[in-house]
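Okay, structure first, notes after.
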Amino acid sequence: MTQKTEDLDRLILEALDEDDRAVLAEIGEEPGYFSQALGLFGGKLGWVMWGMYFVNILGAVVAAWAGWQMFQTSDPAAVMRWGVLVLAALNVGIFMKGGMGVQLQHNRILRELKRVELQLARGQAKGSA
């Protein structure tokens with residue numbers, strides 16, 4: 001993290017009362033990358049992520065096969081056709097990985113928004129009590 005972010009985090013922790021600190025400690029730190037990535041395959045859009053992952057693997061297999069065929073032929077026109085298939089299959093894989101990355105970031109933002117909602121709800125409950 002940058003220095004400004006660390007300072008902001010420190011100021012927020014100092015502003016929280018003991019109950020809020022306990023809630024933040026209970027929620028814990030942000031999950032690691034691998035647990036976040038594996039979390040993509042659950043929930044309402046889990047089936048979509050499984051489909052994207054399957055298409056990604058299929059694209060890699062097609063790219064490897066087309067690459068092998070490209071280097072096995074000596075006809076320039078055939079080399080170009082196989083090369084275009086390699087590029088198309090690699091682009092499919094890159095597109096799928098990009099879509100999964102967007103969903104990963106979306107889940108991170110939603111997790112932080114839920115934390116803010118929890119803090120706001122606790123603040124309103126304290127204010128009305």
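Below, each value reflects all heavy atoms present in this structure, side chains not excepted, and no hydrogens, waters or symmetry copies. Numbers for residues simply follow the sequence, beginning at 1.
Put simply, the side chain of Gln36 reaches to within 4.5 Å of the side chain of Arg111, judged on heavy atoms. Lys97 is listed as a side-chain neighbour of Asn56, based on a closest heavy-atom distance under 4.5 Å. Side chains of Tyr53 and Met100 form a contact here, defined as non-hydrogen atoms less than 4.5 Å apart.
Neither Leu87 nor Val84 shares a network with the other; the hydrophobic side chains, linked directly or stepwise wherever heavy atoms of I, L, V, M, F, W or Y lie under 4.5 Å apart, form separate groups for each. Val55 and Leu85 end up in different hydrophobic clusters when Ile, Leu, Val, Met, Phe, Trp and Tyr side chains are linked at under 4.5 Å. Tracing side-chain contacts under 4.5 Å through hydrophobic residues (I, L, V, M, F, W, Y), one never reaches Val92 starting from Leu90; they form parts of separate clusters.
Note: Phe34 CZ to Leu38 CG = 8.5 Å, rounded to the nearest 0.5 Å. Interatomic distance, Ile57 CD1 to Met52 CE, rounded to the nearest 0.5 Å: 12.5 Å. One finds the CG atom of Leu40 at 11.5 Å from the NE2 atom of His106 (value rounded to the nearest 0.5 Å).
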Compile the donor-acceptor pairs under 3.5 Å between side chains in residues 59-73 and protein atoms, sequence neighbours left out, one pair per line.
{"unit_1": "Thr73", "atom_1": "OG1", "unit_2": "Asp75", "atom_2": "N", "d": "3.4"}

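Between Phe41 and Trp50, the two ring planes are tilted [angle within 30° to 60°].
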* To do: Go through Tyr33 and Leu104 one step at a time and tell me if the side-chain contact (heavy atoms from CB on, under 4.5 Å) criterion holds.
  => CA-CA 9 Å; Tyr33 176 78; Leu104 184 77; 3.7 Å; yes
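Scored by the salt bridge (charged side-chain N to carboxylate O under 4.0 Å, His left out) test, Arg108 finds Glu30 as partners (sequence neighbours excluded).
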